[in-house]
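The block underneath contains the structure these notes are about, expressed in structure tokens.
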Amino acid sequence: MAGTSSVAGEVFVDALPYFDQGYDAPGVREATEIMRNEFERLASRQPMELLSMKRYELPAPSSGQKNDITAWQECVNNSMAQLEHQAVRIENLELMLQYGSNAWKLYNEITLLHVQLMSLSRLQINKLCPLLCDSNLVHLIEQTQKELQRFRKQIQDLNWQRKNDQLSGGAKLRELESTWVSLVSKNYEIERAIVQLENEIYQLKQQHGDENKENIRQEF
């Protein structure tokens, strides 16, 4: 599996989930098991394990470290981290007070109603017409349903295109990887041949030198 890279503030996901292998690698299955256990906990409505609050405590150095500057520095760093944490909590509370949970609930209700209206069939819409008594609303529902179908088709086309691109790109990557392995192997064979030739040349030089010495010795 691949990772991610960031260039000029943009994040590019370097992965081909339709082609990549390695999802069964060590560590991946363990993470899947953890998620499965968490979903089972949610399904059975079991409470979440309580978070440890130990890291939010501000203990002073022990009696044996009262004169230890490093221990006091660690306490100061811990207090600064706790102060920043409390500042973030205050900011979150201010955001909640500004926007309010009621506005979020209202948004959810409107969204749910919108989804329910989009799921209505034409026959159901016609049955509701006497109740709605608003042709503009009926027209809006029909237009929304058309938009929904169009978006669904776009999503399906996009997924197909993405799969085709990933399979094509994956095949190209595999071909390039095979070519790279072949070239590396050839380079290795060439290097071995060069070393072998160098050894043969060295041996010939040694042999030629020995013959010259023998000839000189015979002349004298």
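In what follows, residues are counted from 1 in the order of the sequence shown.
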What side-chain donor-acceptor pairs closer than 3.5 Å can you find for residues 187-204, not counting sequence neighbours?
residue: N187; atom: ND2; partner: L183; partner atom: O; Å: 3.3
residue: N199; atom: ND2; partner: V195; partner atom: O; Å: 3.2

Would you give the length of the straight line joining atom [atom1] of [X] to atom [atom2] of [Y], rounded to the nearest 0.5 angstrom?
X	Y	atom1	atom2	value
L93	E91	CG	CD	10.5 Å
T179	R174	OG1	CZ	13.0 Å
S44	F39	OG	CZ	13.0 Å

Query raised in the report: Where do M48 and E38 come nearest, in terms of heavy atoms and distance?
Result: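 Result for this residue pair: CE-OE2, 4.2 Å.
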Query raised in the report: At their closest point, which heavy atom of N78 faces which heavy atom of P59, and how far apart are they?
Result: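 It is ND2-CD, 4.1 Å.
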Does atom [atom1] of [X] have more than 12 heavy-atom neighbours from other groups under 6.0 Å away?
X	atom1	value
N67	CG	no
R150	CZ	yes
E84	CD	no

Report task. Start with the C-alpha distance between L83 and M80, add both sets of side-chain angles, then the distance that settles side-chain contact (heavy atoms from CB on, under 4.5 Å), and finish with yes or no. Result -> CA-CA 5 Å; L83 182 62; M80 293 176 65; 5.5 Å; no
Report task. Scan for salt bridge (charged side-chain N to carboxylate O under 4.0 Å, His left out) pairs involving residues 60-80, sequence neighbours excluded, and state none if there are none. Result -> none
Requested in this report: Check the pair N159, R162 against side-chain hydrogen bond (donor to acceptor under 3.5 Å, both in side chains), reporting the backbone distance first and the verdict last.
Outcome: CA-CA 5 Å; N159 288 334; R162 182 175 60 179; 3.1 Å; yes
Query raised in the report: Does S182 use its side chain to pair, donor to acceptor, with the backbone of S178 at less than 3.5 Å?
Result: no
**Report entry** Donor-acceptor contact below 3.5 Å, side chain S168 vs main chain D165
**Finding:**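 It does not hold such a pair.
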Query raised in the report: Does the pair E177 and L173 meet the rule for a side-chain contact (heavy atoms from CB on, under 4.5 Å), with working shown?
Result: CA-CA 6 Å; E177 183 179 7; L173 287 175; over 6 Å; no
